[in-house]
Asks: 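I'd like to ask some things about the structure below.
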Amino acid sequence: AQRVTQPEKLLSVFKGAPVELKCNYSYSGSPELFWYVQYSRQRLQLLLRHISRESIKGFTADLNKGETSFHLKKPFAQEEDSAMYYCAPTVAGGTSYGKLTFGQGTILTVHP
Amino acid sequence: ETGVTQSPTHLIKTRGQQVTLRCSSQSGHNTVSWYQQALGQGPQFIFQYYREEENGRGNFPPRFSGLQFPNYSSELNVNALELDDSALYLCASSFRGSWETQYFGPGTRLLVL
């Protein structure tokens with residue numbers, strides 16, 4: 001079964017501190033991995049995707065196929081990073097095409 | 001570029017009733033996915049529509065059904081509502097072939113009494 005685990009429901013850091021949001025997945029085939037974010041009173045939106053190898057708002061995510069992890073990292077957290085973060089794999093073929101499997105989410109709070 | 005819109009924003013129904021939720025996809029998108037988000041949980045995939053046909057379904061009973069129209073807008077229908085159907089229903093549109101970057105609507109909050 002396809003499963004995504006975000007072990008921390010809540011994560012609090014101070015401004016300027018490094019932050020790491022953990023994501024472990026159990027997925028058949030070769031999933032593509034995404035991080036979605038929901039800021040207060042805003043809709044769910046894409047933060048970054050592994051295939052793009054991009055850095056958005058200072059966040060990066062490293063895929064470790066051996067550990068089946070896709071942790072989200074930022075070296076210096078900002079107050080505006082406070083939000084709900086979801087890890088979400090998907091696949092590009094078969095009957096599960098485009099189906100995002102969301103973790104339970106991690107609420108990140110960055111204190112001033 | 002117009003984003004994904006959903007209607008209504010809120011809805012209250014009683015157990016056993018039927019409900020229809022609507023979604024207008026983002027301009028240029030041909031795929032619509034529906035998700036159910038219970039309180040405190042991540043969104044759960046209900047189904048996806050591409051070219052007006054269901055293209056993948058999550059672990060939801062047949063009383064959850066949908067439609068996609070030629071303009072790529074979509075409806076989610078739920079029959080015989082149960083209390084556990086109370087949730088935020090999210091619609092997401094995407095262009096198939098772009099690694100499924102999905103753009104979400106604001107959601108419809110359904111309360112079943």
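Computed from a predicted structure; not experimentally measured. A, B, ... follow the sequence lines: proteins, then strands. Residue 1 opens every chain.
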Asks: Any idea which of Gly107(B), Gly105(B), Gly40(B) has the most non-hydrogen atom pairs under 4.5 angstrom with chain A?
Replies: Gly105(B)
Asks: With rounding to the nearest 0.5 angstrom, report the CG to SG distance, Leu76(B) to Cys91(B).
Replies: 9.0 Å
Asks: Would you confirm whether Lys15(A), through its side chain, and Phe76(A), through its main-chain N or O, come within 3.5 Å as a donor-acceptor pair?
Replies: no
Asks: Could you measure the distance from the CZ atom of Phe104(B) to the OG atom of Ser94(B)? Nearest 0.5 Å is fine.
Replies: 9.0 Å
Asks: Given heavy-atom pairs under 4.5 angstrom as the criterion, report whether the side chain, backbone, both or neither of Tyr35(B) touches chain A.
Replies: side chain
Asks: For Gln104(A), is it the side chain, the backbone, both, or neither that has a heavy atom closer than 4.5 Å to a heavy atom of chain B?
Replies: both
Asks: Applying the ring pair (Phe, Tyr, Trp, His ring centres under 6.0 Å) test to Phe59(A), which of Phe70(A), Trp35(A), Tyr85(A) qualifies?
Replies: Tyr85(A)
